[in-house]
Amino acid sequence: MSCAGCVATVEEALKSVPGVQQATVNFAEHTADVEGTAASDLLIKAVTDAGYEAAELQSAEDEAEKQTAEHRHYKKLLLKALVAAVIAIPLMASGWFGAMPGLEGAGRWFWTVVSVLSLFVLVFSGRHFFIGAWKAFRVHNANMDTLIALGTGTAWLYSTAIVIYPDLVPPLARHVYFEAAVIIIGLINFGSALEMRARGKTSEAIKRLIGLQPKTARVIRDGKELDIAIEHVGLDETIRVRPGEKIPVDGVIIEGHSTVDESMLTGEPMPVEKTVTSEVVGGTINKTGSFLYQAKRVGKDTTLARIIEMVRRAQNSKPAIGRLADRIAAVFVPTVLIIAVITWLIWYNFGPDPKASFVLVTTMTVLIIACPCALGLATPISIMVGVGKAAEFGILIRNGNALQRVGQLTTIVLDKTGTITTGKPAVSTILPAKGWSEDQLLQLAASVEVGSEHPLAEAVVTAAQAQKITVKPHHDFESIPGHGVHAKIDGQHIALGNEKLMNDLNVLMFDLPEYASDLAKDGQTPVYIAVNKKIAGIIGVADPVKEDSIQAIERLHRAGLKVVMISGDSRGTALAVARKVGIDEVIAEVLPQDKASKVAALQRRGDVVGMVGDGINDAPALAQADVGLAIGTGTDVAIEAGDITLMRGSLLGVMDAIAISKATVRNIKQNLFGAFVYNSLGIPIAAGILYPLFGVLLNPIVAGAAMAMSSVTVVSNANRLRFFSPAKSAV
Amino acid sequence: MLINIAGSLLILFIVWWFWLAKPQAKVSRQNDIVEVIAENGVYSPSLIQTDKGQSLTLRFVRKDANPCAEKVIFSDLNKSADLPLNEPRDVTLIIDTPGTYEFTCQMGMYRGKLLVQ
């Protein structure tokens, strides 16, 4: 928009969309506020058709609005509880002190006034239960509103009938229950308010992630620096970031250098050096220098947006353990209604006098005490907190099933390169054969491998660059997975690879395999080089073990898990690494395409297998495993590649994921057990099962309080997970 | 006697009304947008009929400020959406397998069904 005239055009375009009630454009901020029910994509289309660009503003404003609406709702619930308390407390107090009049004479007027006041409370504080119950009934559904409306409505109707026509029932049965109805309404509103407060804390993790999203970006357009809303940043735009600022979107540095704090995403405490061609991630913090970078991923495609979406989806999913509760919740309320009718009939036919009182009290109490909410909340609330907790530790869980399953693993399979080791191998030994020099060998190897992305190739090329060795051009390059590579240089055929490749080419290796074996025992990967099918020497490449790999594998062993290493390396090299880190079982010389079948073989012998590897090369094996854990370091990890993504690049994340899973499942079981036991015991006691033995009936007011607190208890128990620390757990 | 008969009839009514009888389904055609209001504990409409392979957009408008209603979850389809208050949120589905698919709020209090034929 370039002038005020554009404002009118855009407003007209927005107002022309069906469902729009009001549209106001802010020229200074280049934003529009639209009220109504029109979908955002139609609004954007209308603006685009009018010749302008548009995007939906999200995040902080929506979040603030949501919190305001929730706060208003919370205060409304408290007010409803307070109004009910104002009427109920004097009534209850009078009852305790025996100051209540009878139903005769002036007493009838008193009770008529009480009836009217109670009706006011039912309407003001309890209207939503009755409306909800009616609406649910119309669509053949029944929920918590049904139970509360029936319970309190029956109490009020019976009591009012007694006041108007006392002779309806025998004298002994002439009891009124106005205070019970009013108190129950008040308690349930109060319980809902407490539950809301408690639930607010369960979504802290995702609120924290959303809070990481910056709102503006400083772009360079036509040589000028402009601060714009982040939604307006386009692909390939140049963005400037100064020290201390948040990086707005994902991209690649084109000028300058700095250090970046990526800890909020990956948990890596040390700032990471960034220079030209380094990738940067939106939401991380630029520390020391200023730089320009090109936006490569914006909007929903940024790493942070995808993490938020993954956490959100996982929080909404349910593991298998929660499905039983769902099935019960679906039939729960109608079942309680039937139990209430059966209770009524039993007391009517077999109960002592006054039958009407016993029938009313027990039926009402059954309706009030039953709590479908605790059952419905038990699983999702724990999942929400558990998934959020995992995200705090850089562990992204795809869904509830993955969260449950990871705690059931018996065997962890670790890919070697990049998982146990750093994945950044370096040349450590060069053994030329007779007639060759170290520099010649390095030159040949680097000339073949230049341009290849294999870690071993990068090691060779880096070593050549360090020695300032010139690389020659190669032709007819071919890679044979699991064997090696070959190409032509200066008309000569050069082959680089393992013993399998040399045997396939019928290269005589003389005594070099002995040297290769020694290198392997030292943990180095021997790479043979052959020129025109004659052996020229061996290069030893060592991939250092990650610092925390040994500690992580110890923790896995302490938790009773078997640890298996899988590698394409020679058996000697793989065994050397396994010995260093304390691994039980090694499957070596595995071709990339065979990793999945090795995982399947472990599963066939009864193991519940978790596979840890990078999300790209190990994708089939990750998919085959019972739980696939993709490991990386923030910017390079393929998010959603596995069931679980370990953003911190540390194997310690595996044990953290298992600990969080076990704690979450334990929490779910506690909640489900509590909800089942509460309802299984509460309903029969409310129906009067203790009366024949002990002469005891449950007071409906006590039932109301128990019901109100049951959901709060479930949410509070789930909130305990927020304080869970995987490192301190016994697992 | 009358009370017992009334009680038995009431039990039969509960079984029939809540478990056997079905609400009238909202039938949707290809590329239809069906507006679903989440308010007062129910989705309106709560039963939507569609054909397999047909693109169906459910436009949820949440009018209940209770956070209970802020998510809609399609468990069998592994899909979910956050529903902002008083704003439409579209969920587009294409279901290839006939059957009944439930959608609920996080707690299961709001319940709806998709009948795919």
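Any value given below was found using the heavy atoms of this structure, including those in side chains, with hydrogens, waters and symmetry copies removed. A, B, ... follow the sequence lines: proteins, then strands. Residue 1 opens every chain.
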To the nearest 0.5 Å, how far apart are CZ in A:R312 and OG in B:S80? 9.0 Å
Under the ring-ring contact (aromatic ring centres under 6.0 Å, His included) test, which residues partner A:F332, sequence neighbours left out? none
Rounded at 0.5 Å granularity, tell me how far OG in B:S46 sits from NZ in A:K135. 12.0 Å
What part of B:D82 is in contact with chain A, defined as an atom under 4.5 angstrom from a non-hydrogen atom: side chain, backbone, both or neither? side chain
Would you check if B:N40 and A:W134 make a side-chain contact, meaning some heavy-atom pair closer than 4.5 Å? no
Run the ring-ring contact (aromatic ring centres under 6.0 Å, His included) test against A:F129 and tell me which residues pass, sequence neighbours left out. none
Winner by heavy-atom pair count (cut-off under 4.5 Å) against chain B, out of A:I131, A:N141, A:L337: A:N141
Let me know if A:T335 has heavy atoms under 4.5 Å from chain B in its side chain, its backbone, both or neither. both
Which value, rounded to the nearest 0.5 Å, describes the distance between A:H140 atom NE2 and B:K113 atom NZ? 11.0 Å
If you count heavy atoms of other groups shown closer than 6.0 angstrom to NZ of A:K76, is the number above 12? no
Residue from B:V72, B:I3, B:V42, B:L47 scoring the most non-hydrogen pairs under 4.5 Å with chain A is B:I3
Is A:F137 close to chain B through its backbone or its side chain, or both, or neither, when contacts mean heavy atoms under 4.5 Å? both
Per-residue tally against chain B (heavy atom, under 4.5 Å) across A:N349, A:I342, A:I381, A:L77 peaks at A:N349
Select all residues of residues 97-106 of chain B having any heavy atom within less than 4.5 Å of some heavy atom of chain A, and report them by number, or 'none'. B:Q106
For A:P334, which atoms come within 4.5 Å of any heavy atom of chain B: side chain, backbone, both, or neither? both
Contact winner vs chain B - A:V331, A:D145, A:L375, A:I383, heavy-atom pairs under 4.5 Å: A:V331
Of all the residues in residues 9-19 of chain B, which have a heavy atom that comes within less than 4.5 Å of a heavy atom in chain A? B:L10, B:I11, B:F13, B:I14, B:V15, B:W17, B:F18, B:W19
Side chains of B:N4 and A:L345: closer than 4.5 Å at any heavy-atom pair? yes
Region of A:V333 in contact with chain B, defined by heavy-atom distances below 4.5 Å: neither
I want to check something: taking the side chain as every heavy atom from C-beta on, are B:R111 and A:N143 in contact at a cut-off of under 4.5 Å? no
